[in-house]
Enquirer: 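I have a structure here, written as structure tokens, and I will follow up with some questions on it.
Just follow the structure's listing: the first ligand is 1, and inside any ligand the first atom is 1.
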Amino acid sequence: MTEPVKDVKGLKVLLLFDMPYAVKRDHDYTAEFADPEGCYTENDVDQALRANGCEVRRLGLFDDVRPLLEEVAEFKPDVIFNLVETFNDTTHFDKNIAAFIELLGVPYTGASSASLFLCNDKGLCKKILRFHRCRTPRFHTYYRNHKVWLPKTLKLPCVVKPLTEEASRGISQASIVDDEKSFLERVQMIHERMELDAIAEEYIEGRELYVSIVGDKALRFLPPREMTFGELAVDEPRIATYKAKWDDAYRAKWGIKNHFADKLDEALVERINETCKRAYRALNIRAYARFDLRVTSGGLVYIIEPNVNPCIAKDDELAQSAEKVGIDYPALIRMLLRQALRRKA
Ligand SMILES: Nc1ncnc2c1ncn2[C@@H]1O[C@H](COP(=O)(O)OP(=O)(O)O)[C@@H](O)[C@H]1O
Ligand SMILES: [Mg+2]
């Protein structure tokens, strides 16, 4: 066993993130980091790293990995804090960046390329989850340029969404379909307008819970968060659409809120944690993750998706849940650094 890393003070940390445009390697990120719509997660992590006494260099990637090679050769970081979610505007290239860092042999925080690969595809990870008897909605995947039909094995209503997207991009109230015509049209919309593959899942009615976990070997379950849908008509599907997540005016209008889940009995919390633990292991997840769940009125726990490398901004779900159990933000960031160093490259 390797010794736990006691102190992160003085560590050389390369803070790596994605940018929506190309910048020079020595770019001054002050404006981007100060922008509440811009690199706010990066800014939070940057400050926490500095509060921990780390020496930080920032590097934003857009469509060229060479700056990363150069930076690693010149700065020789002890660890890369990996916040890359996209590359050249493509969501699923996050796994390629992690794989590239693996080739460089530098320890890095967060998910491995293997688990990013497994979890980014909402169909592939559901196949593995079903094999491991984790409850997840029945589904069918639709690749572009292949026949599209409504299989008899799927019960309507369904949620039709992009196979490999994040942050509810492509998810609106129209994603819930309850007849064949709208089902086929929605798949077609994702194929043609979004130019993405699609997945259709049976719609699970229930509470929307978010469970965050931190850990490699020993797992720390953090208190569940919940999204509630306020005044949104009860006969409307109450789901976390793009607007429900990101449009503050829409959230205020309907009273949509994210908060700690109340009234979860102990037995249910145990079932939730057991399900998430099995999924965490089955999908080779490490470091930290957030599971999006639906829990039915009968207490069935469905995994909608695992999020590996979920947002760790200070005011997002995972950090809020950590704070609640006394892990303040710099401590959380320190935990992630230590994990990376303990694993080595
Ligand atoms: N099968 C489903 N049943 C019920 N709600 C769903 C289902 N699939 C997605 N949703 C709703 O849509 C939201 C976004 O779906 P998700 O698969 O998590 O996509 P993203 O990766 O964009 O977050 C979920 O949080 C949930 O509210
Ligand atoms: Mg989600």
Enquirer: Tell me the contacting part of Ala167 for ligand 1: side chain, backbone, both, or neither, using a 4.0 Å heavy-atom threshold, strictly below.
Expert: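 It is the backbone that touches ligand 1; the side chain stays farther off.
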
Enquirer: If you count the atoms of ligand 1 from 1 in the order shown, which ones are under 4.0 Å from a heavy atom of Glu202?
Expert: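 Here the atoms of ligand 1 in question are 1 (N), 2 (C), 3 (N).
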
Enquirer: Would you name the heavy atoms of Phe17 and Arg58 that are closest together and state the gap between them?
Expert: CE2-CB, 3.9 Å

Enquirer: Indicate yes or no for a side-chain donor-acceptor contact from Arg278 to the backbone of His132 under 3.5 Å, with no hydrogens or angles considered.
Expert: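 Pair found, side chain donor or acceptor close to backbone of His132.
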
Enquirer: Atoms of ligand 1 less than 4.0 Å from Glu201 heavy atoms?
Expert: 1 (N), 2 (C), 7 (C), 8 (N)

Enquirer: May I ask you to decide whether Arg57 forms a salt bridge with Glu74, counting only side-chain N to carboxylate O separations under 4.0 Å?
Expert: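 Counted as a salt bridge, because a side-chain N and a carboxylate O are separated by less than 4.0 Å.
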
Enquirer: Which is closest to atom 15 (O) of ligand 1 by heavy-atom distance: Thr164, Thr91, Ile303, Ile171?
Expert: Ile171

Enquirer: At what distance, to the nearest 0.5 angstrom, does OG1 of Thr86 lie from CZ of Phe62?
Expert: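 One finds 8.5 Å between OG1 of Thr86 and CZ of Phe62.
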
Enquirer: Would you check whether Lys245 reaches within less than 4.0 Å of ligand 1, judged by its heavy atoms?
Expert: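 Yes, Lys245 has a heavy atom closer than 4.0 Å to ligand 1.
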
Enquirer: Within the 4.0 Å heavy-atom shell around Arg294, which atoms of ligand 1 are there?
Expert: 4 (C), 5 (N), 27 (O)

Enquirer: Short question: side chain of Asp292, backbone of Ile304 - any donor-acceptor pair under 3.5 Å?
Expert: no

Enquirer: In ligand 1, which numbered atoms sit nearer than 4.0 Å to a non-hydrogen atom of Glu165?
Expert: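 Counting atoms of ligand 1 from 1, those under 4.0 Å from Glu165 are 21 (O).
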
Enquirer: What pair of heavy atoms forms the shortest contact from Tyr329 to Glu323, and how long is it?
Expert: N-OE1, 4.4 Å

Enquirer: Starting from atom 7 (C) of ligand 1, locate the nearest protein heavy atom and write down its residue, its atom name and how far away it is, to 0.1 Å.
Expert: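 Going by distance alone, atom 7 (C) of ligand 1 is nearest to Val159 CG2, 3.6 Å.
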
Enquirer: Looking at Glu208 and Arg294, is any side-chain nitrogen of the basic one under 4.0 Å from a carboxylate oxygen of the acidic one?
Expert: yes

Enquirer: Which ligand 1 atoms does Lys161 reach within 4.0 Å, using its non-hydrogen atoms?
Expert: 8 (N), 9 (C), 15 (O), 16 (P), 17 (O)

Enquirer: Salt-bridged, Asp197 to Arg144, with N to O below 4.0 Å?
Expert: yes

Enquirer: For Ala240 and ligand 1, does the shortest N/O to N/O distance drop below 3.5 Å?
Expert: yes

Enquirer: Which heavy atom of Ala289 sits nearest to which heavy atom of Tyr280, and what is that distance?
Expert: CB-CE1, 3.8 Å

Enquirer: Can you list the atoms of ligand 1 that are under 4.0 Å from a heavy atom of Asp292?
Expert: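 Here the atoms of ligand 1 in question are 18 (O).
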
Enquirer: Looking only at distances, please establish whether an N/O atom of ligand 1 is found under 3.5 Å from an N/O atom of Glu305.
Expert: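 Glu305 vs ligand 1: N/O contact under 3.5 Å present.
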
Enquirer: Measuring from the Mg ion (ligand 2), name the closest N, O or S atom belonging to Asp292.
Expert: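 Nearest to the Mg ion (ligand 2) within Asp292's N, O and S set: OD2.
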
Enquirer: Considering both backbone and side-chain atoms of Lys122, is one of its nitrogen or oxygen atoms within less than 3.5 Å of a nitrogen or oxygen in ligand 1?
Expert: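 Checking ligand 1 against Lys122, an N or O pair does fall under 3.5 Å apart.
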
Enquirer: Identify which one of Arg342, Arg286, Arg343 satisfies the salt bridge (charged side-chain N to carboxylate O under 4.0 Å, His left out) criterion when paired with Asp216.
Expert: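 That would be Arg343; it is the only one of Arg342, Arg286, Arg343 passing the salt bridge (charged side-chain N to carboxylate O under 4.0 Å, His left out) with Asp216.
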
Enquirer: Tyr142 vs His140 aromatic rings, parallel, tilted or perpendicular, using cut-offs 30° and 60°?
Expert: tilted

Enquirer: When you measure from the Mg ion (ligand 2) to each N, O or S atom of Glu305, which atom gives the shortest distance?
Expert: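 So the atom name we want here is OE2.
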
Enquirer: Starting from atom 24 (C) of ligand 1, find the nearest protein heavy-atom neighbour and note its residue, name and distance.
Expert: Glu208 OE2, 3.6 Å

Enquirer: Does ligand 1 have a heavy atom under 4.0 Å from the side chain of Ser168, from its backbone, from both, or from neither?
Expert: both

Enquirer: Nearest non-hydrogen contact with atom 3 (N) of ligand 1 belongs to which option: Ile239, Ile204, Leu209, Ile176?
Expert: Ile204

